[in-house]
Amino acid sequence: MSVFPIGTVMKLTDLTARQIRYYEEQDLIHPERNDGNRRMYSLNDIDVLLEIKDYLSDGINMAGIKRIYELKEVEKEKKMMEHTKVMTDDDVRRILHAEFLSVSGFSGNGPDQSMNPSRMI
DNA sequence: GTTCTGACA
DNA sequence: TGTCAGCA
């Protein structure tokens, strides 16, 4: 995913190396490191840097920008929880259906174990 | 030639 | 943030 050296990112974002490294210190971007300890930025990193530049031009300071991305991560965690909840409910539905078939005599092997929710975690 | 870390008139 | 030093 990470393919751009800092020099390319500088031209693409019109930011100085000093700024780019500083935003990394603020945990706004997380470039990988290659064998030579060189930072390699992903397309997503470029995207975030451009967003940061917009926020800055709108008069938002680093504290504010950091808050924005912190909230964004909280929302991301919430969505992950929602996703987990949906999967659990879906498993329950499938399990109940499997038990229904078993009790109804359509299956003599009991609930389908492939529907066991423990396999989804 | 390019990037890295650390430091500061 | 800019910039310079001293490495790799």
Side-chain angles (χ1 to χ4, degrees):
Chain A
M1 285 239 76
S2 305
V3 294
F4 307 106
I6 197 168
T8 300
V9 179
M10 289 173 68
K11 296 175 182 176
L12 264 39
T13 65
D14 194 43
L15 291 170
T16 65
R18 181 79 170 79
Q19 288 176 299
I20 296 172
R21 298 189 186 111
Y22 176 67
Y23 301 148
E24 177 184 358
E25 284 184 35
Q26 304 305 305
D27 288 303
L28 267 33
I29 53 177
H30 312 91
E32 297 175 6
R33 297 296 186 114
N34 62 17
D35 296 328
N37 194 41
R38 268 91 221 256
R39 273 168 265 249
M40 296 301 278
Y41 301 82
S42 67
L43 231 42
N44 179 55
D45 290 322
I46 307 290
D47 220 80
V48 173
L49 288 173
L50 291 175
E51 287 182 41
I52 293 174
K53 205 169 64 166
D54 287 336
Y55 289 135
L56 253 33
S57 64
D58 284 339
I60 302 177
N61 54 43
M62 284 307 305
I65 294 177
K66 288 186 68 175
R67 275 179 255 161
I68 292 175
Y69 285 95
E70 285 173 9
L71 291 178
K72 185 170 293 184
E73 281 191 29
V74 172
E75 292 304 312
K76 188 170 294 181
E77 288 178 26
K78 284 185 179 178
K79 285 187 177 180
M80 283 173 72
M81 293 303 291
E82 285 295 312
H83 186 256
T84 299
K85 184 173 183 299
V86 171
M87 292 293 283
T88 301
D89 290 338
D90 193 43
D91 286 336
V92 172
R93 182 187 64 70
R94 291 150 71 183
I95 291 170
L96 290 176
H97 183 249
E99 291 183 345
F100 168 74
L101 293 179
S102 178
V103 175
S104 300
F106 291 113
S107 172
N109 300 316
D112 186 343
Q113 290 305 303
S114 70
M115 293 296 119
N116 190 313
S118 66
R119 302 177 68 260
M120 309 304 285
I121 304 174

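Each chain gets a letter, A, B and so on, in the order its sequence line appears, and its residues count up from 1.
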Paired nucleotide for dA9(B) [Watson-Crick or G-U wobble; both distances under 3.5 Å]:
none
Side-chain N or O of Tyr23(A) less than 4.0 angstrom from OP1 or OP2 on dT1(C)?
yes
What is the distance from CG of Asp35(A) to C1' of dT3(B), rounded to the nearest Å?
15 Å
When you check the side-chain N and O atoms of Asn34(A) and Arg38(A), is any donor under 3.5 Å from an acceptor?
no
Distance, rounded to the nearest Å, where Arg21(A) contributes CZ and dT3(B) contributes P
8 Å
Does the distance from a Lys or Arg side-chain N to an Asp or Glu carboxylate O, for Asp90(A) and Arg94(A), drop under 4.0 Å?
yes
What is the distance from CE of Met40(A) to C1' of dT3(B), rounded to the nearest Å?
12 Å
For Lys66(A), the option from Ile60(A), Asp27(A), Leu28(A), Leu71(A) that meets side chain to side chain contact (heavy atoms under 4.5 Å, CB included)
Leu28(A)
Would you give the length of the straight line joining atom CG of Leu15(A) to atom CG of Leu49(A), rounded to the nearest 0.5 angstrom?
6.0 Å
Residue matched to dT3(B) through Watson-Crick or wobble contacts both under 3.5 angstrom:
none
Separation of dT3(B) C1' from Glu32(A) CD (nearest whole Å):
17 Å
Expressed in angstrom and rounded to an integer, what is the separation of Ile6(A) atom CD1 from dG1(B) atom C1'?
15 Å
Roughly, in whole Å, what's the span from CD in Gln19(A) to P in dC4(B)?
15 Å
Between atom OH in Tyr22(A) and atom C1' in dT5(B), what is the gap in whole Å?
17 Å
Does the base of dT3(B) carry an N or O that pairs as donor and acceptor with the side chain of Arg39(A) under 3.5 Å?
no
Return the nucleotide paired to dC7(C): Watson-Crick means purine N1 to pyrimidine N3 with N6-O4 or O6-N4, wobble means G-U with N1-O2 and O6-N3, both under 3.5 Å.
none
At under 4.0 Å, does any side-chain N or O of Arg38(A) touch on OP1 or OP2 of dC7(C)?
no
Between Met10(A) and Arg18(A), name the one whose nearest nucleotide on DNA chain B is closer to the 5' end.
Met10(A)
Taking CD from Glu24(A) and C1' from dC4(B), how many angstroms apart are they, rounded to a whole number?
11 Å
With the threshold set at 4.0 Å, does a side-chain nitrogen-carboxylate oxygen contact exist between Lys78(A) and Glu75(A)?
yes
